[in-house]
2 protein chains.
Amino acid sequence: MPEPFEELASLDRLVHEPARLAILTVLSACESADFLFLQRLTGLTKGNLSSHLSRLEEADLIWIRKEFSGKKPRTIVGLKERGRKAVDQHWERLEALREDTRKWRPVPNLGTP
Amino acid sequence: MPEPFEELASLDRLVHEPARLAILTVLSACESADFLFLQRLTGLTKGNLSSHLSRLEEADLIWIRKEFSGKKPRTIVGLKERGRKAVDQHWERLEALREDTRKWRPVPNLGTP
DNA sequence: AAGGACCAGTCTGTATTACAGACCAGATAT
DNA sequence: ATATCTGGTCTGTAATACAGACTGGTCCTT
C-alpha cells in the first residue's frame with residue numbers, strides 16, 4: 001500500500017516543476033517546438049524559460065538547436081530519449097497514485113487504532 | 001489549445017509539491033489519518049512533515065486535531081472542504097492536460113513555420 | 001530516582017530555487 | 001538614427017524544502 005506514496009514524495013522535482021512539466025509534456029506531443037511558441041504557451045518570461053530549458057538540456061532530457069531562418073535566430077527544442085522516458089514515467093506514476101487512492105475509498109481512518 | 005498549459009505553468013505550488021500532494025491525496029481517500037502514519041507513508045522527517053501540515057492547515061485545506069488516547073499524544077488530520085476541492089481540481093487539471101496532449105499527436109513542429 | 005524511548009512538535013541553518021527584470025548583441029524594419 | 005524582434009546571460013531577491021537539534025510531556029525500565 002504505501003509504495004506509490006513513498007515514490008510520490010520523492011518525485012523528481014526536475015520533471016515535476018510546473019513550468020518544466022508543461023514544457024516536457026508539450027514536447028512529448030510534437031517533434032519539436034520553438035522558443036517563442038513555448039514562451040507564449042507557458043507564459044514564462046524569456047529569461048525564465050531560457051533557464052528552464054538550460055536545466056532540461058543539462059539533464060539530457062531535451063536537445064536545443066539554434067538555427068537561423070534567413071537571418072532571424074530561431075531556437076528549436078525537442079525531447080531526447082531520456083526526456084520522453086522521464087515524462088512518460090512521471091505521468092504513469094501520477095496516474096498510478098491516483099488509481100491506487102481511488103481503490104481505498106472509503107476508509108474511515110488510517111493510522112494507529 | 002494553449003489554455004491548459006498556461007494553467008499548468010501556474011499550478012498551485014501549495015498543492016503540487018510532492019510531499020503535500022501525497023498527503024492531500026492520501027487524505028482524500030479516508031476520513032482521517034494520524035501523524036505517524038503519514039510520516040511512514042511519505043518518508044518525511046517529523047519536523048518536515050509537521051511544517052507541511054502546518055502550511056496546509058494555514059491554507060485552510062486540512063484540519064488538525066490533537067487527542068490523547070490514554071496519555072499518549074496523537075495528532076490526527078483530515079481534509080476540509082476546501083482541501084478536497086483543491087486536490088480534486090488539481091488532479092482534474094493534470095489529467096485534462098495529459099488528455100489534451102494526447103490528442104495532438106502526431107504534430108511535426110510547433111511554432112513559427 | 002534516573003535513564004531512556006516515544007510522541008509531536010518548534011527552531012535554526014543551509015542550500016536550492018524560481019522568477020523578474022536589467023542588460024546585451026545582432027538583424028530588420030521605420 | 002531609433003526602435004523592435006530574436007534569444008539569450010546575469011544579478012538579485014524572496015521563497016522554499018529539508019535535516020537535524022532542541023523542547024517537553026508521558027511512559028517504561030532499572
Side-chain angles (χ1 to χ4, degrees), chain A residues 5-24 32-59 61-78 110-113, chain B residues 5-24 32-59 62-78 109-113:
Chain A
F5 296 94
E6 282 169 18
E7 274 187 38
L8 217 208
S10 64
L11 274 180
D12 189 356
R13 289 188 150 67
L14 183 74
V15 176
H16 193 63
E17 197 280 330
R20 287 189 295 260
L21 185 58
I23 293 169
L24 291 172
S32 63
D34 70 11
F35 191 92
L36 272 192
F37 178 82
L38 289 176
Q39 196 193 342
R40 270 145 208 167
L41 197 75
T42 57
L44 299 170
T45 57
K46 295 169 287 167
N48 205 4
L49 174 57
S50 180
S51 65
H52 278 307
L53 291 179
S54 295
R55 297 199 46 162
L56 291 173
E57 190 189 26
E58 280 164 33
L61 301 185
I62 65 170
W63 49 261
I64 302 183
R65 201 172 53 226
K66 287 140 205 262
E67 290 182 356
F68 281 77
S69 66
K71 291 294 172 46
K72 266 175 197 147
R74 184 145 175 263
T75 297
I76 303 178
V77 304
L110 294 170
T112 60
Chain B
F5 295 94
E6 282 169 18
E7 275 186 37
L8 219 208
S10 64
L11 274 181
D12 188 355
R13 288 188 152 66
L14 183 74
V15 176
H16 193 62
E17 197 281 328
R20 288 189 295 260
L21 185 57
I23 293 168
L24 291 172
S32 62
D34 69 11
F35 191 91
L36 271 192
F37 178 83
L38 289 176
Q39 196 193 341
R40 270 147 209 168
L41 197 75
T42 57
L44 299 170
T45 58
K46 297 169 287 168
N48 204 3
L49 173 58
S50 181
S51 66
H52 278 307
L53 291 179
S54 295
R55 298 198 47 163
L56 292 172
E57 190 189 25
E58 280 165 32
I62 65 171
W63 49 260
I64 302 182
R65 201 173 52 226
K66 288 138 204 265
E67 288 182 357
F68 281 77
S69 66
K71 290 295 173 42
K72 267 175 196 148
R74 183 146 174 264
T75 298
I76 303 177
V77 304
N109 181 65
L110 293 168
T112 59

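Chain letters run A, B, ... following the sequence lines, proteins first, then strands; residues in each count from 1. Everything numeric here is computed off the predicted structure, so don't read it as measured data.
- When rounded to the nearest whole Å, the span between CD of Q39(A) and P of dG21(C) equals 13 Å.
- The distance from atom CG of L53(B) to atom P of dA8(C) is 11 Å, rounded to the nearest whole Å.
- Dashed line: the shortest gap from a side-chain N or O of T45(A) to OP1 or OP2 of dA20(C) is under 4.0 Å.
- Here dT16(D) presents its P atom at 11 Å from CD of E58(B), a figure rounded to the nearest Å.
- Looking at the side chain of L44(B), the nearest of the listed nucleotides dT6(D), dC18(D), dC19(C) is dC18(D).
- Look at NE2 on H16(B): it is 15 Å from P on dT16(D), rounded to the nearest Å.
- The residue T75(B) sits close only to the backbone: its heavy atoms come under 4.0 Å of sugar-phosphate atoms, none of a base.
- In the set dG9(C), dT6(D), dG8(D), the nucleotide with an atom closest to the side chain of K46(B) is dG9(C).
- For the pair F68(B) CZ and dG25(D) C1', the interatomic distance rounds to 7 Å; values are reported in whole Å.
- Put simply, NZ on K66(B) is 11 Å from C1' on dT10(C), counting in whole angstrom units.
- Look at N48(B) and you'll find a side-chain N or O under 4.0 angstrom from OP1 or OP2 of dA19(D).
- Phosphate proximity of dC18(D) to H52(B): present, with a side-chain N or O under 4.0 Å from OP1 or OP2.
- In this structure, the nucleotide among dT6(D), dC7(C), dC18(D) sitting nearest to the side chain of A19(B) is dC18(D).
- Place G47(B) and R55(B) on DNA chain D by their nearest nucleotides, and R55(B) ends up nearer the 5' end.
- Judged by distance alone, with hydrogens and angles left aside, the side-chain atoms of R65(B) form no donor-acceptor pair with the main-chain N or O of I76(B) at under 3.5 Å.
- Taking 4.0 angstrom as the limit, S50(B) places a side-chain polar atom (N or O) nearer than this to OP1 or OP2 of dT10(C).
- Judged by distance alone, with hydrogens and angles left aside, the side-chain atoms of R20(A) form a donor-acceptor pair with the main-chain N or O of L14(A) at under 3.5 Å.
- Here the side chain of R13(B) is nearest to one of dC18(D), dC7(C), dA18(C), namely dA18(C).
- Here the C1' atom of nucleotide dA17(D) and the CG atom of D12(A) are 15 Å apart, to the nearest Å.
- Following rounding to the nearest Å, E17(B) (CD) and dT17(C) (C1') show an atom-to-atom distance of 13 Å.
- Within the structure, a side-chain polar atom (N or O) of R20(B) is placed less than 4.0 Å from OP1 or OP2 of dA17(D).
- Here the side chains of V15(A) and L61(A) are in contact, with some heavy-atom distance below 4.5 Å.
- Contact annotation: the side chain of I23(B) approaches that of L49(B) to within less than 4.5 Å [non-hydrogen atoms, C-beta and beyond].
- Between the side chain of S50(B) and the backbone N or O of K46(B), no donor-acceptor pair lies under 3.5 Å.
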